[in-house]
Structure formats: structure tokens, C-alpha cells
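All chains are named by letter (A, B, ...) in the order of the sequence lines, taking the proteins before the strands, and each is independently numbered beginning at 1.
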There are 2 protein chains.
Amino acid sequence: MGNTPPVGRKVTLSDIAAGCDVSRATVSLVLRGSPLVNKHTRARVEEELRRQGYVYNRAAANLRRRTSSSIALVLNDLANPFFAEFAAGVDEILGDTGFVTLLGSTGESTERELAVLGSLMEHGPAGIILSPAEGSDAQRILSAVGSQIPLLLFNREVSGDLAACDHWDRLFLDNQRGARLATEHLIAQGHTRIAFYGGHLGSSSCRQRRAGYTEAMQSAGLSADANVMVECVPNRLDAVAQCEQLFKGKSAPTAAVCYNDAVALGLMLGLHQRGLQPGTDFALTGFDDIAEAAVSAPPLTTLAVTPRDRGRQAAELILERVRDPSPPPRQTIAPVHLLVRDSSCPPHA
Amino acid sequence: MGNTPPVGRKVTLSDIAAGCDVSRATVSLVLRGSPLVNKHTRARVEEELRRQGYVYNRAAANLRRRTSSSIALVLNDLANPFFAEFAAGVDEILGDTGFVTLLGSTGESTERELAVLGSLMEHGPAGIILSPAEGSDAQRILSAVGSQIPLLLFNREVSGDLAACDHWDRLFLDNQRGARLATEHLIAQGHTRIAFYGGHLGSSSCRQRRAGYTEAMQSAGLSADANVMVECVPNRLDAVAQCEQLFKGKSAPTAAVCYNDAVALGLMLGLHQRGLQPGTDFALTGFDDIAEAAVSAPPLTTLAVTPRDRGRQAAELILERVRDPSPPPRQTIAPVHLLVRDSSCPPHA
DNA sequence: CCTCGCTTTTGGAACGATCCAAATGTACCC
DNA sequence: GGGTACATTTGGATCGTTCCAAAAGCGAGG
């Protein structure tokens, strides 16, 4: 039979060519399924590919063709189930399309974000999906990735000079409408003193959610001046800690619209510690619909954002842009919907 | 001033060389921080790199050097917080080491697993971290990745001919010991009729956890024959549905060691539906210590597996292997520790 | 036998980096 | 001035693929 596959070294297209007495060019045509090659030749080559256990070197091909077959996915917090679902959705679509996902997790650090972006850029991705770390600066990101590469900003706006990056596409959640829905729901339940609890004013999503909250309060003629707004780090721990802020004023609120589910769950714990029963003595809503929201005690009324769908959508948006960079940049606002559970009770008698 | 950077095309090392009148070789040396170059030259070149906005093409370098700077991370379920944390840990270490993570999510489908592995292989990763889908076959995986590439099997054993893949490294949790600890804890609480609830016998981790459970029961002299073992899909939904299986026999158990946290949380719901209060009328334990375990009602006694640390460890193991393939394959068993919370009460009077 | 048209195959130059052996420059000493 | 040692720079081949223009093969028709 023919020669044996090379040892140690990877099998290349030249090995195959040599193995069945055709030129490299012909083997290349076979690999790409070109109709030019004679079917006998094709069969012989394919047999040899199998025999030697050839694996395609896409990096070499990409180099020659000046193309890329990867998309970078840079997330501020992979460990957060919301982003994990999102990543799964992205990878699902990219995988189906023959792209590979280059993952980067920044752990909410802007410095690491720049480092990660720089490192990923060296691998020449066709595009980037970026959920920026809190406080990310437009200019610095731009100088890390250059102005050539398609970038889809997900979930958060960056700060700084937005004109510099107005060629980026954007995919955001409808934060404002979501918070408005939640607030309107609590108002409909009969609450009049409703707080907005948690999140950082530094983050665009927090500002948007606050805006939705304020909008609903004003429409209902509830004095915005008296509204309590408490800032906290958007995790469970700080949400527990800041609970007392809610009850400092003379007339304490009877309900709270929370920045997200983690904060809401933390607040539940804090309420318990004050002897209040969430869902009975105090109403609250979350945002995200993380898995825990359905099983907390009481189950949490929240806004479903279907992160996996958003991931699929993000992948599709960036692929579109990669395939055709010419259309003007697009901002997409994904709808969210209110999921009423038991935590948003009417005010306690 | 010098020439302007090229338009449309990416800046290459040759552009830099031309831009400051040195050879490509010199620029290459500068890029790699070689001590050979004169510091004047270095300064000039570095200035030019900045001026033209050069980005290193690692794919080209890897091609020439026959090296790789990526590691493939293939997970059976990215959306699961356990694996999301794990992935974050992996990416953290890889990022620090200059490697990039090629992500692949298989959604627990063996077919997709093979497709994903094939696609990732074309990008020539230096190694693979694989948490196999349930029912993955050793031979088929081997033929997808070849026998040259370092592979670290995480979390689960594969089925089929293990001799074929005895060169793989392995990182598993100490499932057996974990389940034994949980069972012993319930026994110490005074329970004698304890069930093992959930999981599939098809999965190696389930078999190991059952073994730990059985071991503890036997050591305590509790009749293993009477032991109830219920199989179910390891998610919340099916765990709710199979709850009644526990109470079919004449003497129902008063406690259950659950396959994992998701199952335990599902079982809690199921118990509620039967009018039983988990943590009061019925004791149960989980496995994994997912975020929800701490905030469920009651908080769940479970086994902490610190998935982020496991991710870091996995990354370190595969990097070691990539750097030196010669040492014999290694199997690592990561410790787990019991976290006692309120769900594992003594038997109800 | 030659020419034409069609299918099929092919050599060699890319892609953007690195490697290597050899060339060049510079300083110092006899 | 020539030789030696050392520091610095360099051309050209190479990695594994694709592109391109041109060559080869082949049957039919005159």
C-alpha cells in the first residue's frame, strides 16, 4: 500500500498530494468540494485523506485567504448565569455557521478587558461581541481593537466619547420599559410608596431602569421627590447590607423595584433579618429571571430577558455585519416581559 | 513624516520594516523583545509600530513556529452555573498565560460534541479540556481529535474502550467521598431510612455518588436492600415529577441524598406539593453548592465543589501537559467538602 | 494530422510571521 | 593597517494553505 502517515508531524495537504500522486492544488480543490475535479480523482484523494487522518489547517487557509473564522466573545462576568446562558446562545449559532468562539472573561475589570481584547485581536477574529465591564471607556476600547473590526456592544453602553465609536452595532435590553412595567404592576397592586433599590448610577442599565421607574411613578401622579432610591453593588451581599437604607425616612416604602434578581434576593434576606416577610409585608420585583428567581421563597416577580435568545440574536447580528460591513450601524432593543410571581403582593393591611 | 498606514489592509510587519528602513527580521526581533537589537533601532521600530497601529498576527507566527496559543474548552452544558464558573476559572488562567480559550458548547448531545471537536481541531489548539456529554464514546472522540493532542477529561468518564484513551489526563470530583459525607451526616442526624434521589445510572458521577451512599449505609449497618434509589433526569423539572417514587414503598424514607443541587431543589418543590416541609418533615442534601443552594427555603446542605478553582486547576493541568507531554497520564481527584445548612434536619418526631 | 473547445490538473507565487546562517558594522589591540 | 571579538542586521527559505494563469489531456470535426 501507499506510504505511512508521517510521525510526530501533522499530516498536511502535501502529504496527501504525495500519497496519491496529484498536485497540492488538486487536493485543495477536493477539500473545498470544487466541481472542477474529476470524480475518480476525488475518490482517490478522499480515500487518502481518511487513510492518513488528515485534519484541515484553517489557520493556514485563513492566512492565505485573508479571512477569519472566529468571533471573539468578551464578557464582563461569565460566572453570572445570565451571561453564561448568553454565551451558550452565541456559541450555538456560531457553531452552526462554522465559526469558532474565542472566549474572554474580564471579571468586571476594565484593565483586564483591555488586555483580553488585545490578546484576542492578535488571533484576528472576524468580529467582536462585547459586554463591557462597568466603567469601560470608549476611546480605550477603540484603541485596543482598532476601527476596522466589526463590534457589537451588548447589554451596556460604554462611557466617554461616543462619537468615536458610533460605527459599532448595539444590542440592549429594554431596561426602561421593563422597570416601568414592574413599577406599574406594583402601583396596580395598590402601592404608593415604592423604592428603587440597588445598582450603580455609573452603569447605563441602572440609569435606564431608574428612568422607567420614575416615568411610571410620574404617570401615576406619585410624588417623585419622596421616592427612595438606594444604590448598592449589584450582588446579593451588598443588597443585604444596604437594606436598612430603605427604612431610614419617616414614611418607609411598602414595595421596591430592584435593579436585578441578585439584588432582590439579597433584599429578601435583609427583610427577613428585620422581621419582615417578603411577599407578605413587603412587595418586591427583580430583573433578569435567573433560575433562582422561580424557586426563591417567595418566588420572585421579575422581568424575563431570555438570555439564550439574546445570545443567538447577538451572534446573528455580528455575523450579518461581518458578511456585509456597509450598512449603517444598528441599535437593537430587545423586549423584556413581566413575569408575575408571589413576591409582588398588595400592601399589607 | 513617514508614509501613512495602508488603507483597508491590515498593517503587517513588512509595513513597519518599510516605514523605518530596517529589515522584517529586525522588526520581528523587536516584537519578541530580543536583546539582540540596538536600543536606538528598537525605539524607532516601536514608535513606528504605534504610529501605524500594528497588531501582531499570531496565526501567522504559529504557522511558522508550528506552535499553538489556544486551548479548546468543550463543555456539555455551559448554561449550568457549575460549568460557567468552571469556564471562568479556565479562562482566567489561560488568559494569564497568553493562551486564548476556544469555546465549544455541546448541549449534552454526543453528535454535536463530535462536530464541535472536529471544528475546533481545525483551529489547531494546543490541548483540549473536555467535559463530555452523557453517553460519549471513547473511540469516537478519539477519532475526532486524534491521538496526538493532549486532552484533559473533566468531571465525567467516557464510555467504551478506555484502553484506547488511557493517555488522557483526568480531573474528577471526589463524588464517592462527597456522597458518603452527606449520607453519614444524615445518619448522624438520626435518620435510618435514607434514599438516594436523582441522576442517571448512565453517568459515571451518578454511579460514584451512589457508591458513596451505599458505602456509608453499609458502614452504619443500615440494610442496603431496603434503600430507595430513584433515577431521574438531573434537572429541577424531572426531580419534581419523580417525587412520588419516594413514597411508594411501605416505609417511606425520612431523608434523601440528592444527586445534585438542581435535583434537590426540585425535590423540595415536590415535597411542598405533597404537603411536606423540607428541612422540617424531610431532610435532604444536594451536591455542587450552586448559588441558589444558599438562598433556597430552607438553605440547602450540600457539597461545595468550588468550580472556579476546578477550572483554574484544569487549565493548569492541561498547560503542564502541553509544555511537557512526556510524563505518564495523571488522574486527579479534587476534594469536595460538606456544607451543612438547614435542609438536613433530624427526623421529624 | 491539425485545430478547436472543453474538462481537468498543475507549478509557483502569495499570505505574515520566524529561523538561520551569513553579512555588516564597530571597537579595540598589537 | 590588519586582525579579532563582539554587537547588530539581514536576505531568503519556510510553515500549510489558496489563487491564478497556463498547461495538459482528450474527443470531435474538418
Checklist entry - By a strict heavy-atom criterion of less than 4.0 Å, which residues belonging to residues 39-47 of chain B are in contact with DNA chain D? => result B:Thr41

Ignoring backbone atoms, establish whether [X] has a side-chain N or O less than 4.0 Å from OP1 or OP2 of [N].
{"X": "A:Arg32", "N": "D:dT18", "answer": "yes"}
{"X": "B:Asn38", "N": "D:dT8", "answer": "yes"}
{"X": "A:Ser23", "N": "C:dT9", "answer": "no"}
{"X": "B:Thr12", "N": "C:dG16", "answer": "no"}

Checklist entry - Quick check: does any side chain N or O of A:Thr106 sit under 3.5 Å from a backbone N or O of A:Leu75, one acting as donor and the other as acceptor? => result yes

Checklist entry - With distance as the sole test, does B:Ser68 use its side chain to make a donor-acceptor pair with the main-chain N or O of B:Gly124 at under 3.5 Å? => result yes

Item to check | Salt-bridge contact B:Glu108-B:Arg156 (side-chain N to carboxylate O under 4.0 Å) | outcome: yes

Item to check | Aromatic plane relationship, A:Phe83 with A:Phe154 - under 30° parallel, 30 to 60° tilted, over 60° perpendicular | outcome: perpendicular

Can you identify which nucleotide, out of [options], has its nearest atom closest to the [X] side chain?
{"X": "B:Arg64", "options": "D:dC19, C:dT9, C:dT18", "result": "C:dT18"}
{"X": "B:Leu63", "options": "C:dT8, C:dT10, D:dC15", "result": "D:dC15"}
{"X": "B:Ala61", "options": "D:dT18, C:dT9, C:dT18", "result": "C:dT18"}

Checklist entry - Rounded to whole angstroms, how far apart are CG on A:Asn62 and C1' on C:dA17? => result 15 Å

Item to check | Between P of C:dT10 and CZ of A:Arg24, the distance in whole Å | outcome: 11 Å

